[in-house]
Visitor: 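This is the structure I want to talk about, given as structure tokens.
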Amino acid sequence: MALSTHAYKGARDFYPEDKRLQKYMFDTWRRVVESFGYQEYDAPLIEPVDIYLAKTGEEIVNDQLYAFEDKGGRKVAIRPEMTPSVSRMVAARRQELAYPLRWYSIPNLWRYERPQRGRLREHYQLNIDIFGVADISADHEVILVAERIMKAFDAPAGSYEIRISSRKLVNYFFRDHLKLDDKQFHDASKLIDRWHKIEKADFEAQAKEILPVESYYQQLLVVLNSRNLDDLPAELKDHASVNELSKLMKLLGESGVDSAGFDFSVIRGMDYYDDIIFEVFDTSPENNRSMFGGGRYDGLVGLFGVEPLPTVGFGMGDVTLQNFLELHKLLPELEPEVDATVILIGEVYEKAQPVLAELREAGLNLAVDATERKLDAKIKNAAKAGMPGVIFLGEEELSNKTFKVKHLGSGKEKVLTRDKLLKHIDQWVSGEFES
RNA sequence: GCGAGCGUAGCUCAGUUGGUUAGAGCGUCUGCCUGUGGCGCAGAAAGUCGUGGGUUCGAGUCCCAUCGUUCGCCCCA
């Protein structure tokens with residue numbers, strides 16, 4: 001029985017054209033976050049399973065963790081998210097690191113799920129976190145970074161929106177104001193998460209199931225329909241979390257983030273979030289979903305036995321981003337980072353070596369075709385491989401010290417001396433020869 | 001964990017109520033063209049119809065199982 005050529009279920013092979021796209025996305029991420037002073041870190045793919053038990057969402061740990069025992073009997077898991085790992089790393093050097101600490105990473109993460117659109121078993125995720133800032137400036141910065149990333153991918157205004165809420169406000173409204181018990185609170189939280197997704201009638205029916213008093217439904221509606229903080233009912237407006245949200249909105253407005261707004265339905269899956277939370281939504285009807293999000297989790301670092309550390313961060317997955325970019329036609333044409341194939345004519349492989357070395361030294365990325373196929377086949381293959389051009393090298397060129405170069409995009413051809421070729425590498429690559 | 005659709009050539013797919021040697025387009029290879037690609041013309045190679053059972057005189061087609069894949073639910077990125 002032949003071996004399968006498929007990649008493992010829910011995981012992807014990255015052929016060079018896929019890798020170019022991945023590099024484009026990663027490079028864009030890096031450029032933006034590094035412009036805010038974030039530094040890259042990394043951690044092992046495998047962690048002790050314990051670090052996920054306390055605060056990662058229930059379903060992820062129970063059903064979606066790649067967990068196993070190693071040969072030494074240790075219970076370990078492939079990371080389903082990066083936040084516990086970075087919290088562990090920061091906790092380990094809690095006293096010696098300089099705050100505010102700005103770190104990012106682009107880990108690959110694994111969750112055992114049924115693959116579907118926008119969700120695979122292995123994905124990559126940009127994670128950024130700022131540690132040691134308790135005030136709203138950290139929340140502001142992180143959301144601003146998210147916004148700048150969307151702009152860096154040329155996402156047009158209106159193609160996405162940033163929805164912001166506060167777990168403290170949700171807690172206050174459900175727990176203190178409506179006096180919901182644990183189960184009601186849990187169910188209500190899950191329900192409002194689906195506010196934008198399900199029919200209003202279904203929402204009403206389910207809400208009335210959960211809420212102990214019928215009139216609470218109307219109160220919930222008012223809160224969910226509040227597109228800005230002034231629309232909130234008076235009894236919520238005075239809560240401290242609203243004051244914080246209000247400061248945050250003002251800061252975002254002043255820094256040009258016009259895609260952000262208050263939305264009480266934002267919940268986030270992870271249990272560790274404990275204050276401001278946000279999600280970035282694709283607004284197109286074909287893909288109306290949460291692309292990524294994050295928030296404040298002041299309690300997580302402290303779980304590692306050190307003084308707690310205020311933290312804000314977010315994670316942005318490559319799969320959902322790619323869906324977004326494809327849908328909005330924002331993917332650039334990416335070419336291989338090779339300048340040319342040098343087509344050797346005749347028995348010149350050995351004699352060509354010093355010339356090739358010189359051209360490479362000068363900065364050209366050159367592949368060599370020393371096969372004995374016919375010339376047209378070699379040109380066809382260079383074109384098929386996506387090469388910008390070819391350089392012909394035979395006895396004639398070697399003895400004259402000239403290069404016949406052909407730009408495959410334009411079909412233009414020119415004979416250049418070695419000096420001219422070296423001097424005009426840029427023009428050569430773009431097909432604009434100088435005479 | 002639950003539900004639905006789809007698996008036919010390297011790729012995208014067609015294949016009639018079950019009926020001889022299973023087709024197309026693209027791609028590949030050869031020639032037209034011995035140092036010049038993309039277009040054209042002529043020709044060629046390439047498929048145990050995902051796999052295993054079953055029904056039938058006869059299965060790519062119907063049934064069951066299984067694997068793969070896609071989509072939805074749950075959950076989430």
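Convention: sequence-line order gives letters A, B, ...; per-chain numbering from 1. Please read all numbers here as calculations on a predicted model, not as lab measurements. No hydrogens, no waters, no symmetry mates; every other heavy atom, side chains included, goes into these values.
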Visitor: Do any pairs count as a side chain to side chain donor-acceptor pair (under 3.5 Å) and have a residue in residues 386-405 of chain A, sequence neighbours left out, and if so which ones?
Guide: A:Lys351-A:Glu395

Visitor: Rounded to whole angstroms, how far apart are CZ on A:Phe292 and P on B:A77?
Guide: 12 Å

Visitor: Taking the same atom, P, in B:G58 and in B:U20, what whole-Å distance lies between them?
Guide: 15 Å

Visitor: Using the C1' atom on both, measure B:C2 against B:C75 and round to a whole Å.
Guide: 13 Å

Visitor: Enumerate, in order of first residue number, the stems that involve RNA chain B, defined as 3 or more consecutive Watson-Crick or G-U wobble pairs with both distances under 3.5 Å.
Guide: B:1-7 with B:67-73, B:10-13 with B:23-26, B:28-32 with B:40-44, B:50-54 with B:62-66

Visitor: Mark up nucleotides 34-45 of chain B, 5' to 3', with B wherever a protein heavy atom is under 4.0 angstrom from a base atom, S wherever such an atom reaches only the sugar-phosphate, and - elsewhere.
Guide: -BBBB-------

Visitor: Between the protein and nucleotides 2-5 of chain B, which nitrogen or oxygen pairs are less than 3.5 angstrom apart?
Guide:
unit_1, atom_1, unit_2, atom_2, d
B:C2, N4, A:Arg114, NH1, 2.9
B:G3, O6, A:Arg114, NH2, 2.8

Visitor: Ring centres under 6.0 Å, that's the criterion: do A:Trp195 and A:Phe203 meet it?
Guide: yes

Visitor: For A:Gly10 and A:Gly118, take the nucleotide of RNA chain B holding the closest heavy atom to each; which residue's nucleotide lies nearer the 5' end?
Guide: A:Gly10

Visitor: Can you tell me how far P of B:C75 sits from CD1 of A:Ile267, to the nearest Å?
Guide: 12 Å

Visitor: Which whole number of Å gives the distance between the C1' atom of B:G37 and that of B:U51?
Guide: 43 Å

Visitor: What pairs with A:Phe173 under ring pair (Phe, Tyr, Trp, His ring centres under 6.0 Å), at least two apart in sequence or on another chain?
Guide: A:His177, A:Phe264

Visitor: Starting at the 5' end of RNA chain B, which residue's closest nucleotide do you reach first, A:Arg117 or A:Asn381?
Guide: A:Asn381

Visitor: What pairs with A:Phe36 under ring pair (Phe, Tyr, Trp, His ring centres under 6.0 Å), at least two apart in sequence or on another chain?
Guide: none

Visitor: So A:Trp110 and A:Tyr8, would you call those rings parallel, tilted or perpendicular, with 30° and 60° as cut-offs?
Guide: tilted

Visitor: For nucleotides B:C73 and B:C41, find the distance between their P atoms and express it as a whole number of Å.
Guide: 48 Å

Visitor: Write down the distance separating the C1' atoms in B:C76 and B:G1, rounded off to the nearest Å.
Guide: 15 Å

Visitor: Roughly how many Å is it from CH2 in A:Trp29 to P in B:A77, rounded to a whole number?
Guide: 14 Å

Visitor: Applying salt bridge (Lys or Arg N to Asp or Glu O under 4.0 Å) as the test, list every pair that has at least one member in residues 161-174 of chain A; sequence neighbours left out.
Guide: A:Glu161-A:Arg163, A:Arg163-A:Asp263, A:Lys168-A:Asp275

Visitor: By the 4.0 Å heavy-atom rule, please label A:Leu120 as base, sugar-phosphate, or nothing.
Guide: base

Visitor: I'd like to know if A:Glu113 reaches the base of B:A77 with its side chain, counting only an N/O donor and acceptor under 3.5 Å.
Guide: yes

Visitor: Specify the separation, in whole Å, of atom CG of A:Leu109 and atom P of B:C76.
Guide: 16 Å

Visitor: Taking A:Glu204 first and then A:Lys208, would you say they form a salt bridge - that is, a charged N and a carboxylate O separated by under 4.0 Å?
Guide: yes

Visitor: For A:Arg30, what residues pass the side-chain hydrogen bond (donor to acceptor under 3.5 Å, both in side chains) criterion, not counting sequence neighbours?
Guide: A:Glu40, A:Tyr104

Visitor: My understanding is that only residues two or more places apart in sequence, or in another chain, count here; which of them pass ring pair (Phe, Tyr, Trp, His ring centres under 6.0 Å) with A:Phe26?
Guide: A:Trp29, A:Tyr124

Visitor: Between B:C73 atom P and A:Glu199 atom CD, what is the distance in whole Å?
Guide: 13 Å

Visitor: Tell me: CD of A:Gln64 to P of B:A77, nearest whole Å?
Guide: 10 Å

Visitor: Kindly say whether, by distance alone, the side chain of A:Arg111 makes a donor-acceptor pair under 3.5 Å with the base of B:A77?
Guide: yes

Visitor: Mind checking the C1' distance from B:G18 to B:C49? Whole angstroms is fine.
Guide: 15 Å

Visitor: Name all residues meeting the ring pair (Phe, Tyr, Trp, His ring centres under 6.0 Å) criterion together with A:His328; count only those two or more places apart in sequence or in a different chain, and write none if there are none.
Guide: A:Phe324

Visitor: Nearest-Å distance, CD1 (A:Ile277) to P (B:C76)?
Guide: 12 Å

Visitor: Under the side-chain hydrogen bond (donor to acceptor under 3.5 Å, both in side chains) test, which residues partner A:Arg268, sequence neighbours left out?
Guide: A:Glu279

Visitor: Can you see if the side chain of A:Lys9 gets near the phosphate of B:U70 - specifically, an N or O under 4.0 Å from OP1 or OP2?
Guide: no

Visitor: For A:Met291, which contact category applies under a 4.0 Å heavy-atom criterion: base, sugar-phosphate, or nothing?
Guide: sugar-phosphate

Visitor: Do any side-chain nitrogens or oxygens of A:Arg268 fall under 4.0 Å of OP1 or OP2 in B:A77?
Guide: yes

Visitor: State plainly whether the residues A:Glu113 and A:Arg119 are in salt-bridge range, i.e. N to O under 4.0 Å.
Guide: yes

Visitor: Using atom P of each nucleotide, how far apart are B:G27 and B:C74 to the nearest Å?
Guide: 44 Å

Visitor: Under 4.0 Å from OP1 or OP2 of B:G72: is there any side-chain N or O of A:Gln116 that close?
Guide: yes

Visitor: Not counting sequence neighbours, which residues clear side-chain hydrogen bond (donor to acceptor under 3.5 Å, both in side chains) with A:Thr417? List them please.
Guide: none

Visitor: In whole Å, what is the span from the CG atom of A:Asn127 to the P atom of B:A77?
Guide: 11 Å

Visitor: Considering only atom C1', compute the distance from B:U21 to B:G60 and round it to an integer number of Å.
Guide: 15 Å

Visitor: So A:Thr28 and A:Ile149, do their side chains get closer than 4.5 Å, heavy atoms only?
Guide: no

